[in-house]
Structure formats: structure tokens, C-alpha cells
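In what follows, a structure is listed as C-alpha cells, so that the remarks can point back to it.
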Amino acid sequence: MSDKRVERWWQLPLDKLSPVQWEQLCDGCGKCCLHKLQDEDTEELYFTAVACRFLDTEAVRCTCYQDRAVKNQDCLVIKPDNIESMLDWLPQTCAYRLRYEGQSLPAWHPLISGDALQIVRCGHSVKHRVISEERLEPDADWEELILLDIL
Ligand code: SF4
Ligand code: SF4
């Protein structure tokens, strides 16, 4: 008989996950690597189609993952003991956010679907949707680059 508790380790509290499990919990959406705009009046945040210069926008992978906190001091390095302070900056679909809030992972999450491309098909990956900040025209209008479907 298989052990469902082990199979569904992602249902454990965040602080019970091993380092490997913690990394596997990330769905790889890339949304947290997008620049955001904040409305000065409402303080509401908007995700833009402009990605951190360290994001490989084709693979949707950080090119300096191990050193990201050093190379990009704006990077959100999420840990069990700081996630609460980052909730304002994380998308509603972020797996860490969902589990912190006691919610289930969505069906398109790689751990649930078993298919790393399902997140792309379901429109929850930034793949094919963003440009690197390094390729942004200097006079680009950031408000025109807001992605209204990322919350
Ligand atoms: S440094 Fe890496 S993980 Fe951090 S925002 Fe940039 S691409 Fe994302
Ligand atoms: S938003 Fe959350 S789940 Fe998506 S890539 Fe960032 S840390 Fe991972």
C-alpha cells in the first residue's frame, strides 16, 4: 500500500517541507520575476510584461538562481519564515502563497498535473508573454505593458 502522506507532501505546512520539496513547490510560472507598477492613490499593484533581466524568458528560468539575492536585491527570495511579509508582492496563484493560506494547489500545477507544460497551456506561465527589461525601449510606456490577467 502506498503512503498518501508521502505522495502528497505538498499538503504539509510550509515549515515542514525539506529544502528539495520547497524548491519543487514552485510552479515555475515566472510571475514573481515581473516588474510591477503601484497605483500611488490606491496602492494597488499591477504586474507588467517586463521581466527581470536575469529571467530567461524563453525557458522561464532564473539565470542566477543560486546568487539571485546578491545579484538582484529586489528579488523575492521566499522562505518559510518570510513569506508573510511578501504576500503583497506575490501573485494569487503562487504555490507558496496558496499553501501558506491553506489552499490546495491548482490542477495545472506540475506536481498535480505531472506535466510541466500544462501551466503554459493554461496561461499561467509568463512564457511567450513577456520581454526582458534589457530589451525594453527607453521610452516604453510601462502602463501599456500592464498584464491585467495576472493578479
Ligand atoms: S533574480 Fe532571478 S528569481 Fe529573482 S526576480 Fe530575477 S529572474 Fe526572478
Ligand atoms: S510566483 Fe510563486 S510559484 Fe510562481 S515562480 Fe514565483 S515563487 Fe514560483
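Both ligands and their constituent atoms are indexed starting at 1 by order of listing.
In this structure, the side chains of Glu84 and Tyr100 come closer than 4.5 Å at one or more pairs of heavy atoms.
For ligand 2 and Gly30, the ligand atoms under 4.0 Å from any heavy atom of the residue are 5 (S). Each of the atoms 3 (S) of ligand 2 lies under 4.0 Å from some heavy atom of Ala95. Heavy-atom proximity to Tyr96, at under 4.0 Å, picks out these atoms of ligand 2: 7 (S). Every atom of ligand 2 is numbered from 1 in the order shown, and the set under 4.0 Å from a heavy atom of Cys94 is 1 (S), 2 (Fe), 3 (S), 7 (S). Interface atoms of ligand 2 facing Pro91, defined by a heavy-atom separation under 4.0 Å, are 1 (S). Within ligand 2, counting atoms from 1 as listed, the ones closer than 4.0 Å to a heavy atom of Cys29 are 1 (S), 4 (Fe), 5 (S).
A single hydrophobic cluster is not seen to contain both Leu55 and Met86; linkage of ILVMFWY side chains at heavy-atom distances under 4.5 Å, directly or through other members, places them apart. Linking Ile, Leu, Val, Met, Phe, Trp and Tyr residues whenever their side-chain heavy atoms come within less than 4.5 Å places Trp89 and Leu25 in a single cluster. Leu151 and Leu147 fall into different hydrophobic clusters, defined by Ile, Leu, Val, Met, Phe, Trp and Tyr side-chain heavy atoms under 4.5 Å apart, directly or through other members.
With respect to atom 8 (Fe) of ligand 2, the closest heavy atom belonging to the protein is Cys26 SG, 2.3 Å. Of all protein heavy atoms, the one lying nearest to atom 3 (S) of ligand 2 is Asp27 OD1, 3.0 Å. In terms of protein heavy-atom proximity, atom 6 (Fe) of ligand 2 is nearest to Cys32 SG, 2.3 Å.
The shell of residues lying under 4.0 angstrom from ligand 2, judged by heavy atoms, includes Ile78.
Remark: aromatic rings of His35 and Trp142 are close, center separation under 6.0 Å.
Sorted by first then second residue, the salt bridge (charged side-chain N to carboxylate O under 4.0 Å, His left out) pairs that include residues 99-116, not counting sequence neighbours, are Arg97-Glu101, Asp115-Arg121.
Shown here are the protein N/O/S atoms lying under 2.8 Å from atom 6 (Fe) of ligand 1, water excluded: Cys52 SG.
Side chain of Thr63 to main chain of Asp56: no donor-acceptor pair is present (N/O by atom type, distance under 3.5 Å, no hydrogens or angles). One N or O on the side chain of Gln38 and one on the backbone of Glu43 form a donor-acceptor pair closer than 3.5 Å.
Classification of Lys36 and Asp74 as a salt-bridged pair fails, no side-chain N sitting under 4.0 Å from a carboxylate O.
Thr93 and Lys31 form a side-chain donor-acceptor contact under 3.5 Å, judged by distance and modelled atom types alone.
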